[in-house]
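Quick notes on the structure that follows.
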Amino acid sequence: MSRVLITGMSGVGKTTVLRELSRRGYRTIDTDYDSWVLPDGTWDEPRMSALLASDSFLVVSGTVENQGCFYDRFAAVVLLSAPVDVLIERVSVRKNNPYGNSEADQSAIRQKVLEVEPLLRNGATLELDARRPVPELADDIERLIAMSNES
């Protein structure tokens, strides 16, 4: 079965797109919640390995330092991206996650866009402009899922 990773910077809309895919009937895991990320900011490798060894179809979202260790277990890695000013605006007004409300958080986001996003781009199989409407982004990911199921 296919597994897809949705990744990108804070505020890009990973959780929102994942919620839409879940609404459409896909099994989803948002690794920002439920202790998938260890205190050092990496995924719990044994737990993630067990999840990805399951037989079910799955869409995972998250951005962590060791995610590249798992790329070979995903049919696709989708990078959601948007200009840094869009990210800062989104994190400053969201209610479901306090990260991004402080100046220090926003400064860290700006730095990660410069340092981390290029690495994510290099590992991605598809990059989508996260300024587009969520249903359109979910449609694109569904098409990717259909193509990976045909292979």
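The structure places CZ of F74 at 10.0 Å from CD1 of I6, a figure rounded to the nearest 0.5 Å. We find the CG-CG distance between L120 and L79 to be 6.0 Å, quoted to the nearest 0.5 Å. Of the inter-residue distances, the one linking K112 atom NZ with S107 atom OG reads 10.5 Å to the nearest 0.5 angstrom. Taken to the nearest 0.5 Å, the CD1 atom of I29 stands 8.5 Å off from the CG atom of L18.
Across R47 and D34, no two heavy atoms sit closer than the pair NH1-O, 2.6 Å. Closest approach of R24 and P135 over heavy atoms only: NH2-O, 3.2 Å. Heavy-atom minimum distance, V12 versus L80: CG2-O, 3.2 Å. Closest heavy-atom contact between L87 and V113: CD1-CG2, 3.7 Å. Between A130 and R90, the closest heavy-atom pair is O-NH2, 2.9 Å. Q106 and G100 get closest at one heavy-atom pair: NE2-O, 2.8 Å.
When the side chains of ILVMFWY residues are joined at heavy-atom separations under 4.5 Å, either directly or via intervening members, V59 and L144 end up in a single hydrophobic cluster. In this structure, L126 is a member of the same hydrophobic cluster as Y71, with clusters built from ILVMFWY side-chain heavy atoms closer than 4.5 Å. Following chains of ILVMFWY side-chain contacts shorter than 4.5 Å, one cannot reach M9 starting from Y33, and the two form parts of different hydrophobic clusters. Under the 4.5 Å side-chain contact rule for hydrophobic residues, L137 and V86 do not share a cluster. Residues V4 and V134 are members of one and the same hydrophobic cluster, defined by side-chain heavy-atom contacts under 4.5 angstrom among Ile, Leu, Val, Met, Phe, Trp and Tyr.
Y26 pairs by the ring pair (Phe, Tyr, Trp, His ring centres under 6.0 Å) definition with F57, not counting sequence neighbours. Every residue two or more places apart in sequence or in another chain that forms a side chain to side chain contact (heavy atoms under 4.5 Å, CB included) with N66 is listed here: T42, W43, E45, V64, C69, F70.
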For this session: Start with the C-alpha distance between E142 and L21, add both sets of side-chain angles, then the distance that settles side-chain contact (heavy atoms from CB on, under 4.5 Å), and finish with yes or no.
Result: CA-CA 8 Å; E142 278 190 307; L21 290 167; 4.1 Å; yes
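Applying the side chain to side chain donor-acceptor pair (under 3.5 Å) rule to pairs touching residues 7-18 yields T7-T63, T7-Q67, T15-D30, sequence neighbours excluded.
Here the side chains of D85 and R110 are in contact, with some heavy-atom distance below 4.5 Å. Side chains of R3 and V60 form no contact here, defined as non-hydrogen atoms less than 4.5 Å apart.
Of the possible donor and acceptor atoms, one in the side chain of R94 sits under 3.5 Å from a partner among the backbone N and O of Y99. Panel note: side chain T31, backbone S61; a donor-acceptor pair is recorded below 3.5 Å.
A side chain to side chain contact (heavy atoms under 4.5 Å, CB included) with V17 holds for exactly one of D140, I141, V78; it is I141.
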